[in-house]
Amino acid sequence: MAKGNILVGITGGIAAYKTLSLIRLLVKAGYEVKVVATQHALEFVTPLTIETLSNHPLYSDLFTKTEEPHTKHISLHQWADAAIIAPATANCIAKLAAGIADDLLSTTLLAFRKPLFMAPSMNENMYLHFSTQKNLAFIQAQGVHIIEPEEGFLACRTQGKGRMAEPERLFETIDSFLYPKVATHSLTALVTAGPTYEAVDAVRFIGNRSSGKMGFCIAEALAEKGVEVQLVSGATNLTCSHPHINVTPVESAEEMFRACSERVEDADIVVMSAAVADYRPAHPAANKIKKSQETLRLELEPTTDILKTLAARKKPGQLFVGFALETDNEEANAMHKLESKNADMIVLNSLQDEGAGFQVSTNKVTIFFRERPPMALPLLSKKETAEHIVNEIMNNLKKKA
Ligand code: CTP
């Protein structure tokens, strides 16, 4: 069975010859590989070799007439599950950072929203140049995975950093990202989703607009990797029939806290994506409150912070992911939540971003880590966002293990 579709981009550097071995390794491991090469790349490697190794036609010219549709860059971006640019020249890195699309590869990259890996390869001075370093830092912060070049003997006959990572390392990086080496089938996750309803009286409640979609998508993305998921969900219209997901419906923050407390011990991964009420009516009425002309004052008391309480008792090996919904000082607040809630990752939703937040099927998030710069994902469907988050969870688990 095919493991997935990988798009390999080759730009004009001497290390292009090593990319041929990468194609071979990917094909041998069961990936379908399509290659986009720049005109300069084809000075170093031939179309015939690429086509023979990948078993697909080479894509190199934006306007070549083939049997495929003209919007090749769009179809390639839809086809691929991940892409790697190897070698990535300083020019190609700069073009991606600046959003320049002047050939098939750079155009494809602008349309690309899946995991993207880049293996820089260049002379050490070019690599260390402030411009290249700035571009690399920028694209890395946008979620591009940079596979650092190695030190050694360079093609320009000098010693230094800039040699493209060996094909085996490139292959391992992509393969272990898409198929984490942690035994996902032995993992258990606790996920919260949806809103909480806090009773005012027998028929009324204080709630919020959370649809639960993000949490359900995360539960499904985890289950797809074989993880056993306990999904504790507030009131939603969503259903889930995945055999690896067990849904426990709850209403209030207190019920959610109790359900989570009972399940957290066994969880390797805890993802708290529920929109939990911070306050609840202190004295909910047992019966329906009758209308009167008097002003009605509700006294509210704080609920238990589920994430903070459970993460404070974190066991070694457990990984806690929280969500943050912010309207201002987003980055500082997200970093603060990472610390104050003892979480390992915080997924920041900004309500300032169009297409992000409640009741929509898309999301735009930035993931904050403890020991890595934050990663900003583009506007994606909630399903795609969840897949990215779950991949990052798996990567973080590996580091913790
Ligand atoms: N959370 C929780 N229990 C609560 C409140 C929040 O477990 N009683 C979790 C959420 O599921 C989310 C994270 O904490 O993962 C952040 O929630 P958020 O509402 O953004 O932050 P608060 O801590 O409530 O702070 P504030 O409302 O002041 O931003």
Side-chain angles (χ1 to χ4, degrees), residues 189-199 205-219 222 229-236 238 248-264 267 269-282 300-314 318-353 356-359 363-370 374 382 385-386 389-390 392-393 396:
L190 168 64
V191 179
T192 65
T196 63
Y197 287 176
E198 308 303 329
F205 60 83
I206 299 176
N208 62 64
R209 296 183 202 280
S210 167
S211 65
K213 223 176 243 164
M214 198 62 236
F216 273 66
C217 285
I218 287 179
L222 284 164
V229 183
Q230 290 290 338
L231 175 59
V232 177
S233 174
T236 75
L238 303 172
T248 305
V250 294
E251 274 205 356
S252 65
E254 194 50 37
E255 279 179 42
M256 187 173 273
F257 177 56
R258 263 188 269 125
C260 289
S261 302
E262 284 163 17
R263 290 162 178 76
V264 71
I269 302 160
V270 180
V271 186
M272 301 259 147
S273 54
V276 187
D278 289 331
Y279 294 93
R280 62 168 168 240
L300 301 177
E301 64 181 14
T303 57
T304 309
D305 188 322
I306 306 171
L307 173 58
K308 191 172 180 172
T309 311
L310 298 183
R313 309 174 196 150
K314 193 192 309 183
Q318 276 188 322
L319 184 122
F320 277 74
V321 184
F323 273 67
L325 186 68
E326 306 290 344
T327 49
D328 46 74
N329 278 335
E330 297 156 331
E331 187 159 341
N333 285 338
M335 287 307 287
H336 175 70
K337 271 179 196 166
L338 204 53
E339 285 300 325
S340 65
K341 301 211 182 201
N342 199 27
D344 301 285
M345 288 162 59
I346 288 283
V347 181
L348 169 70
N349 271 296
S350 167
L351 275 189
Q352 286 174 1
D353 287 317
F358 291 157
Q359 304 292 340
N363 211 354
K364 189 163 183 286
V365 304
T366 305
I367 310 176
F368 291 78
F369 306 89
R370 283 190 165 255
K382 284 190 173 164
T385 304
I389 294 170
V390 166
E392 291 306 329
I393 289 174
N396 251 44

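As the structure is a prediction and not an experimental result, all values here were calculated from the model. Numbering of ligands and ligand atoms starts at 1, following listing order.
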Distance dump, ligand 1 polar atoms to protein, N/O, under 3.5 Å:
{"residue": "ligand 1", "atom": "3 (N)", "partner": "I306", "partner atom": "N", "Å": "3.0"}
{"residue": "ligand 1", "atom": "7 (O)", "partner": "I306", "partner atom": "N", "Å": "3.4"}
{"residue": "ligand 1", "atom": "7 (O)", "partner": "L307", "partner atom": "N", "Å": "2.8"}
{"residue": "ligand 1", "atom": "8 (N)", "partner": "T303", "partner atom": "OG1", "Å": "3.4"}
{"residue": "ligand 1", "atom": "8 (N)", "partner": "T304", "partner atom": "O", "Å": "3.0"}
{"residue": "ligand 1", "atom": "11 (O)", "partner": "M272", "partner atom": "O", "Å": "3.3"}
{"residue": "ligand 1", "atom": "11 (O)", "partner": "A274", "partner atom": "O", "Å": "2.8"}
{"residue": "ligand 1", "atom": "14 (O)", "partner": "K341", "partner atom": "NZ", "Å": "2.8"}
{"residue": "ligand 1", "atom": "15 (O)", "partner": "M272", "partner atom": "O", "Å": "2.6"}
{"residue": "ligand 1", "atom": "15 (O)", "partner": "F323", "partner atom": "N", "Å": "2.7"}
{"residue": "ligand 1", "atom": "15 (O)", "partner": "F323", "partner atom": "O", "Å": "3.3"}
{"residue": "ligand 1", "atom": "20 (O)", "partner": "L325", "partner atom": "N", "Å": "3.4"}
{"residue": "ligand 1", "atom": "20 (O)", "partner": "K337", "partner atom": "NZ", "Å": "2.9"}
{"residue": "ligand 1", "atom": "21 (O)", "partner": "K337", "partner atom": "NZ", "Å": "2.9"}
{"residue": "ligand 1", "atom": "23 (O)", "partner": "K341", "partner atom": "NZ", "Å": "2.6"}
{"residue": "ligand 1", "atom": "24 (O)", "partner": "D278", "partner atom": "OD1", "Å": "2.9"}
{"residue": "ligand 1", "atom": "24 (O)", "partner": "D278", "partner atom": "OD2", "Å": "3.0"}
{"residue": "ligand 1", "atom": "27 (O)", "partner": "D278", "partner atom": "OD2", "Å": "3.1"}
{"residue": "ligand 1", "atom": "29 (O)", "partner": "K337", "partner atom": "NZ", "Å": "2.9"}

**Prompt:** Sequence neighbours excluded, which residues qualify as side chain to side chain donor-acceptor pair (under 3.5 Å) partners of T385?
**Reply:** none
**Message:** So which atom in A193 and which in G215 form the shortest heavy-atom distance, rounded to 0.1 Å?
**Reply:** CB-CA, 3.8 Å
**Complete:** Only residue of T303, T304, V250, V276 satisfying side-chain contact (heavy atoms from CB on, under 4.5 Å) with F257 is T304
**Asked** Mind checking what makes side chain to side chain donor-acceptor pair (under 3.5 Å) contact with E262, not counting sequence neighbours?
**Response** none
**Among V347, V321, V191, L310, the one residue meeting side-chain contact (heavy atoms from CB on, under 4.5 Å) with M272** = L310
**Message:** Applying side chain to side chain donor-acceptor pair (under 3.5 Å), can you list everything that pairs with T248, at least two apart in sequence or on another chain?
**Reply:** R263
